[in-house]
Amino acid sequence: MGSGSFNILRNNAEEITRRVGRSIVIEQVGARRDNDACDTSGINVTRDIFDVVNNPEIDIVLELIGGTSVAKELVLTAIENGKHVVTANKALIAEHGNEIFAKAQEKGVIVAFEAAVAGGIPIIKQLREGLSANRIEWLAGIINGTGNFILTEMSQKGREFEDVLAEAQALGYAEADPTFDIEGIDAAHKLTILASIAFGIPLQFEKTYTEGISRITSEDVAFADDLGYAIKHLGIARRSKAGIELRVHPTLISHKQLLANVNGVMNAIMVQGDVVGPTLTYGAGAGALPTGSSVIADVIDVARTLTADPTNRVPHLAFQADSLSHVQILPVEEIECGFFLNMTIKDRAGVLANITQILSVNNISIESLIQREREGSELVPLVVMTHDVKERNMNAAIAAIEALPDVAGTVQRIRVENLA
């Protein structure tokens, strides 16, 4: 946006822009407007997105088209032309942010991306500025509303995964191809960004362990509830002496935790700082209005700093590029946590003893155990909760348990976190 006319892409969404005072309002063509007589005759409309980034009169480019191919070319071209960029594209930042931020620093421009993580929740600003006096120890968040809606319905109504997913698609919460949401890729993009800002490390999406919720059953949810836990799809980043954990997966957390009570399509992120202690930020993580709120806030921030010396601006990832730390990202096998194991076994003497022996050999301590009968069947469910153990030990134990002749099928494993 500059002092001259305003160029805007009319894409598949058929959008128009009108200027009201000093603000820019983006609306869908055909939608009801408060002022249908608004004069748009002074607005230039184009179907070529590169007309926008190559227009010398434009200072700020908003990239909201998504994807990582055309969007990357568009953003890099805008930066090369000396334009500031505001984007809501989490995949672009997580996968190509290092290159984009390096080019932006070279050209002295800003790339703002608050809307890329958790919709209307200003978590980027909180981490980058509000908590700058803290050394962030860990963060954990519900950062995908679709997954949270599905798990909430399974918990509150005892429904099965596939049934709730179909409803989520009907309601528009999930895409026709829901893979990015239910398999954790969307959350992994967001966690990659949060961890980079929190710990001062380069963006490393390819090293983020990612596991979805498609294997969670109503039985898992019910057993977890009996044990005093909720199952949430969390993104977790933690700093330790050995390195940094970056992981997205279904997680059991105690009902006593505030995060366990975040339901529906809402998002929430807990951040543990060494000075402030735990904080929890909650709000709408997606949708046109919450996302638009963050986009416009970024536009305002950029406009306020247009005349500032680039060296005095807040760095894109909170730390100056030459101060980023190349700390090891721990492989998931080295991560230590508790586990919830749900398996089906034959109801006969000695089976439980064999399983507990395998756990003992792998230095796994049992915290609690549930075994229930199924009337008319020799197969019964067995649920085991363990104390903290390294994942590689648990992998070995599960492989040995699944090899037992009295264990039917596979062992369902869900990690347990004590967010204290």
Would Arg392 and Glu334 pass as an ion pair if we require N to O under 4.0 Å?
-> yes
Listed partners of Ala408 passing side-chain contact (heavy atoms from CB on, under 4.5 Å), at least two apart | Thr344, Leu379
How would you list, by chain and number, every residue that makes a salt bridge (Lys or Arg N to Asp or Glu O under 4.0 Å) with Lys157, sequence neighbours excluded?
-> Glu153
Pairs where residues 110-140 contributes a residue and the test ring pair (Phe, Tyr, Trp, His ring centres under 6.0 Å) is met, not counting sequence neighbours | Phe101-Phe113
Taking Ile100 as the fixed residue, which of Ile79, Val85, Thr87 is the one that meets the side chain to side chain contact (heavy atoms under 4.5 Å, CB included) rule?
-> Ile79
Only counting residues at least two apart or in another chain, list the ones meeting side-chain contact (heavy atoms from CB on, under 4.5 Å) with Lys72.
-> Leu76, Leu92, His96, Glu99
All ring pair (Phe, Tyr, Trp, His ring centres under 6.0 Å) counterparts of Tyr173, not counting sequence neighbours = Phe149
Residues at least two apart in sequence or cross-chain that pass side-chain hydrogen bond (donor to acceptor under 3.5 Å, both in side chains) with Gln272, listed by chain then number, are none
For Glu95, enumerate each residue passing the salt bridge (Lys or Arg N to Asp or Glu O under 4.0 Å) test, keeping only those at least two apart in sequence or located in another chain.
-> none
How long is the gap from NE2 on His249 to CD on Glu211, to the nearest 0.5 Å?
-> 7.5 Å
Partner set under side-chain contact (heavy atoms from CB on, under 4.5 Å) for Gln412, not counting sequence neighbours = Arg215, Ile216, Asp220, Asn342, Ile414
Residue pairs fulfilling ring pair (Phe, Tyr, Trp, His ring centres under 6.0 Å) with at least one residue in residues 213-246, sequence neighbours excluded | none
Carboxylate-amine/guanidinium contact Glu137 Arg238, below 4.0 Å | no
Take atom CZ in Phe180; do more than 12 heavy atoms of anything else shown fall under 6.0 Å from it?
-> no
Could I get the full list of side-chain hydrogen bond (donor to acceptor under 3.5 Å, both in side chains) partners for Asp163, not counting sequence neighbours?
-> Arg159
Contacts of Glu367 that satisfy salt bridge (Lys or Arg N to Asp or Glu O under 4.0 Å) - sequence neighbours left out = none
Summary of side-chain hydrogen bond (donor to acceptor under 3.5 Å, both in side chains) pairs that have at least one residue in residues 273-284, sequence neighbours excluded = Gln126-Thr279, Gln126-Thr281
